[in-house]
Number of protein chains: 2
Amino acid sequence: MQKKLPTIKEIANRLNISVSTVSRALHDHPSIGLRTKTRVQQLANELGYEPNQTAIFFKQRKTFTIGVVLPYLIEDFFAGAISGIEDVANQNKYNVLIGQSHDDVEREKAIITAMKNQRVDGIIVSLSKHTKNLEHFTSLQKYQIPVVFFDRVPASGEYSKVAFDMPQGTHEAISYLMEKGHRRIGIINGPKEMKSSRERTDTYMNVMKKKRLKIDLSLVAYSDLTKEGTASAMESLLTLRQPPTAILAINDYVALDAIQYARSHKLKNNKDIFFVSYANLPITNYLESPPMASIEQYPGKQGAKAAEILLNLINHEGDNDPVHENVLIRGELIVHKR
Amino acid sequence: MQKKLPTIKEIANRLNISVSTVSRALHDHPSIGLRTKTRVQQLANELGYEPNQTAIFFKQRKTFTIGVVLPYLIEDFFAGAISGIEDVANQNKYNVLIGQSHDDVEREKAIITAMKNQRVDGIIVSLSKHTKNLEHFTSLQKYQIPVVFFDRVPASGEYSKVAFDMPQGTHEAISYLMEKGHRRIGIINGPKEMKSSRERTDTYMNVMKKKRLKIDLSLVAYSDLTKEGTASAMESLLTLRQPPTAILAINDYVALDAIQYARSHKLKNNKDIFFVSYANLPITNYLESPPMASIEQYPGKQGAKAAEILLNLINHEGDNDPVHENVLIRGELIVHKR
DNA sequence: CTGTTAGCGCGTTCAT
DNA sequence: ATGAACGCGCTAACAG
């Protein structure tokens with residue numbers, strides 16, 4: 001029953017030659033006679049020989065595998081990112097091993113350890129929401145395992161990272177709203193701890209300053225990303241003496257919750273109030289009343305870029321001067337037709 | 001620079017004992033003295049010893065890795081499925097290797113070959129749209145690599161599979177519509193080649209027959225899943241002398257296209273015409289005018305179930321009577337509040 | 001309780 | 001042009 005897979009040894013025995021000859025023949029080594037070469041290759045075909053990668057990995061200390069660690073596979077953004085990663089990896093004959101942290105630091109650590117033990121050649125990470133301590137990543141450096149962060153990247157430190165260009169995207173969004181005549185623009189951020197919240201707020205203030213408009217921090221609200229959190233953020237904005245005429249929301253889902261809230265308070269979207277949000281759900285086309293525009297963040301592109309950088313790092317590990325690329329992916333403002 | 005990882009050999013040398021003793025100590029082997037055991041374990045900790053999994057995989061002829069091959073990672077359904085797979089695998093200390101076929105048979109084959117060579121312990125597959133010949137899967141059997149199909153499963157043959165229970169789900173949907181008083185119910189299938197189209201149509205006819213209602217095949221339309229295809233399907237339905245009062249659509253996206261079409265023809269959704277569709281997009285809650293109901297197909301559950309079956313198969317490969325489970329996942333009718 | 005040895009499959013010197 | 005021999009790190013059968 002145990003149909004054993006053929007090995008080079010078996011081929012060697014059958015042909016009464018040595019394993020090293022077989023190995024060479026299979027690799028088209030120049031010093032092998034044409035005759036033996038063809039004999040070997042033919043028998044290999046007949047037997048359906050396939051090299052045992054586990055042996056090769058072991059021997060070469062290289063697995064042609066990259067690990068990807070991210071919070072949730074199911075989220076649109078991450079699904080898009082991993083798709084991009086897999087494409088690039090595949091083109092370069094690399095495999096992709098995945099792990100979801102579920103935004104749990106302990107799981108994140110465990111996954112990293114497992115991947116390290118499995119000798120993946122490199123790792124791509126989008127941090128768990130609560131990861132403060134980066135030790136489990138820094139320790140990888142001494143094992144020569146390069147790491148590239150994307151989207152949820154460390155706030156500081158010498159790392160390779162790929163992330164959305166928040167200043168650029170936000171600038172574009174605000175400019176767009178201003179062109180449309182808006183002067184009081186509200187913001188709904190995610191939790192204050194998120195790097196993106198700070199960045200968004202900072203950019204907002206910079207743009208306002210540049211345009212010589214008064215900065216009013218009561219226009220900046222925070223949501224924990226739940227429907228309720230967004231509702232209370234909206235409440236705080238709409239009950240201002242001078243409520244905003246347009247709102248920039250952290251993502252489409254939050255924007256939709258906000259639109260619902262507005263509607264329930266007799267404010268008609270795209271008439272009484274306007275929204276622009278980040279990430280661009282495929283679904284927005286189907287909405288009767290979508291946000292006015294979304295800022296596409298190109299998850300697939302981010303993933304692909306992260307993979308490219310990682311592969312570069314892997315193939316230059318000899319260089320003892322690892323350059324840490326810090327790539328920003330430009331967002332694009334997509335105006336939704338209605 | 002090359003910080004070499006500690007091996008059991010190194011530990012053995014430092015302690016002047018043999019590698020096998022170290023190996024046993026690390027594995028808590030009963031026949032090792034408490035004293036040496038602690039000495040070994042302590043040194044292992046100090047050195048930060050971690051077993052080299054590539055060596056273990058090689059030696060054990062087992063990789064604790066399962067491969068997952070599916071068309072597109074980015075589709076909601078598949079993203080959900082792989083998330084469920086990863087969860088189950090993770091709980092059982094298995095790794096997950098992914099590959100996207102992009103609905104291309106050649107890529108599918110290449111991925112399978114690579115996974116085979118890498119000696120994954122088993123494979124979970126959702127077939128590419130065009131896969132007719134299953135040879136690349138059947139050949140896996142002789143290498144003792146079990147395979148479980150899900151969602152896009154082979155129409156026939158002795159395989160383990162997990163799929164949506166189309167008859168049950170469709171029956172439930174139609175019953176619901178009938179309760180609401182509908183007697184002329186239209187169908188928008190996917191392409192005729194899809195197994196699900198046949199199943200849906202068959203179930204539809206069965207239900208109608210059972211309810212002693214006249215079967216009218218002009219009520220069954222097909223869409224290639226593009227907006228245009230759906231529009232022409234809708235046209236064929238709405239121009240019938242007796243157009244349907246409710247429509248069952250292959251999925252939410254198609255339903256949304258259909259709703260748009262209806263609206264552009266002055267038919268108000270959930271008033272003049274009603275829709276029920278399969279798969280349950282998270283977004284439906286945000287729609288002003290969603291389908292009346294969706295049939296949730298539980299992608300995560302399908303993935304998880306497939307993984308469970310696969311792990312069972314892997315751990316019973318000794319049994320020379322491999323039972324091929326054929327699991328149907330019950331759909332659930334989710335009525336959308338508006 | 002512990003040590004010795006063999007071997008998993010492959011690539012790679014080093015000989016010849 | 002080919003072969004012999006070694007070792008990657010680990011486990012396990014066999015021997016004390």
Side-chain angles (χ1 to χ4, degrees), chain A residues 2-41 43-44 47-65 114 116-121 143-144, chain B residues 2-41 43-44 47-65 114 116-121 143-144:
Chain A
Q2 178 89 349
K3 157 115 178 147
K4 242 187 59 190
L5 295 138
T7 67
I8 53 171
K9 192 200 227 168
E10 163 133 14
I11 298 180
N13 287 338
R14 296 212 191 202
L15 261 36
N16 276 319
I17 57 179
S18 79
V19 289
S20 42
T21 305
V22 175
S23 174
R24 291 183 186 115
L26 258 15
H27 288 239
D28 241 4
H29 192 286
S31 78
I32 295 293
L34 180 60
R35 196 179 134 55
T36 39
K37 198 179 282 185
T38 45
R39 280 184 50 202
V40 168
Q41 290 174 346
L43 182 56
L47 298 177
Y49 169 80
E50 297 278 359
N52 181 340
Q53 291 294 353
T54 66
I56 296 175
F57 291 167
F58 170 48
K59 173 132 188 60
Q60 313 288 67
R61 286 119 176 277
K62 176 135 174 61
T63 56
F64 287 97
T65 300
K116 178 184 64 182
N117 295 349
Q118 246 191 302
R119 305 295 191 265
V120 296
D121 294 335
Y143 299 122
Q144 331 271 112
Chain B
Q2 177 89 348
K3 157 114 178 147
K4 241 188 59 192
L5 296 140
T7 66
I8 53 172
K9 193 199 224 169
E10 162 133 15
I11 297 180
N13 286 341
R14 295 212 192 201
L15 260 38
N16 276 319
I17 57 179
S18 80
V19 290
S20 47
T21 304
V22 175
S23 173
R24 291 183 186 114
L26 258 15
H27 288 255
D28 241 5
H29 194 285
S31 78
I32 296 291
L34 180 61
R35 198 180 133 55
T36 39
K37 195 179 287 186
T38 46
R39 277 190 6 158
V40 168
Q41 290 174 346
L43 182 57
L47 298 178
Y49 169 81
E50 297 277 0
N52 181 339
Q53 292 293 353
T54 65
I56 297 176
F57 291 167
F58 170 48
K59 167 108 184 103
Q60 311 289 70
R61 287 119 175 284
K62 177 140 174 55
T63 56
F64 286 98
T65 299
K116 179 185 65 184
N117 294 350
Q118 238 185 309
R119 305 298 192 263
V120 297
D121 294 336
Y143 299 121
Q144 331 270 111

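Every chain is numbered from 1, with letters handed out A, B, ... down the list of sequences. Being a predicted model, the structure only gives us computed values, none of them experimental.
For B/Lys116, the salt bridge (charged side-chain N to carboxylate O under 4.0 Å, His left out) partners at least two apart in sequence or on another chain are A/Glu50.
Listed pair B/Lys9 / D/dC8 meets the phosphate criterion, a side-chain N or O lying under 4.0 Å from OP1 or OP2. Under 4.0 angstrom from either OP1 or OP2 of C/dC8 there lies no side-chain N or O belonging to A/Thr54. An OP1 or OP2 oxygen of D/dT11 is reached within less than 4.0 angstrom by no side-chain nitrogen or oxygen of B/Arg61.
Atom CD of A/Gln118 and atom C1' of D/dG9 are 15 Å apart (whole Å). Regarding B/Lys59, its NZ atom lies at a distance of 12 Å from the P atom of D/dC10, rounded to whole Å. When the C1' atom of D/dG9 is taken as reference, atom CZ of A/Phe57 falls 16 Å away, rounded to whole Å. A straight line from CZ of B/Arg39 to P of C/dC1 spans 16 Å, rounded to a whole angstrom. Atom CD of B/Gln60 is separated from atom C1' of C/dG9 by 15 Å (rounded to the nearest Å). Straight-line distance from the CD atom of B/Glu10 to the P atom of D/dC10: 11 Å, rounded to whole Å. At whole-Å resolution of the value, CD in A/Glu50 and P in C/dC10 are 11 Å apart. Atom NE2 of B/His29 and atom C1' of D/dC14 are 13 Å apart (whole Å).
The shortest heavy-atom contact between A/Ala55 and B/Phe58 is CB-CE1, 3.5 Å.
Put simply, A/Phe58 rests on the base of D/dC8: the two rings are less than 5.5 Å apart at their centres and nearly parallel, under 30°.
Two residues are said to be in side-chain contact when any heavy atoms from C-beta on lie closer than 4.5 Å; B/Ile8 and B/Tyr49 meet this criterion. Side-chain contact between A/Leu47 and A/Ile11: present, with at least one pair of heavy atoms (C-beta onward) separated by less than 4.5 Å. A/Phe57 is listed as a side-chain neighbour of B/Gln118, based on a closest heavy-atom distance under 4.5 Å.
Residue pairs meeting the salt bridge (Lys or Arg N to Asp or Glu O under 4.0 Å) criterion with at least one partner in residues 24-36 of chain B, sequence neighbours excluded, are B/Asp28-B/Lys37.
Of the possible polar contacts, one joining the A/Thr63 side chain to the A/Arg119 backbone as a donor-acceptor pair under 3.5 Å is found.
Closest to the side chain of A/Ile56, out of D/dT11, C/dT2, C/dG11, is C/dG11. Picking from D/dC10, C/dC1, C/dG9 the nucleotide with the shortest atom distance to the side chain of A/Thr7 gives C/dG9. Counting only heavy atoms from C-beta on, A/Ala55 has its side chain closest to C/dC10 among C/dC8, D/dC8, C/dC10.
Only A/Asn16, A/Ile17, A/Ser18, A/Ser20, A/Thr21, A/Arg24, listed by number, bring a heavy atom of residues 13-26 of chain A to less than 4.0 angstrom from any atom of DNA chain D.
Between B/Arg119 and B/Lys37, the one whose closest nucleotide on DNA chain C sits nearer the 5' end is B/Lys37.
Among the atoms of the strands shown, only primed sugar atoms or phosphate atoms (P, OP1, OP2) are found under 4.0 Å from some heavy atom of A/Tyr49.
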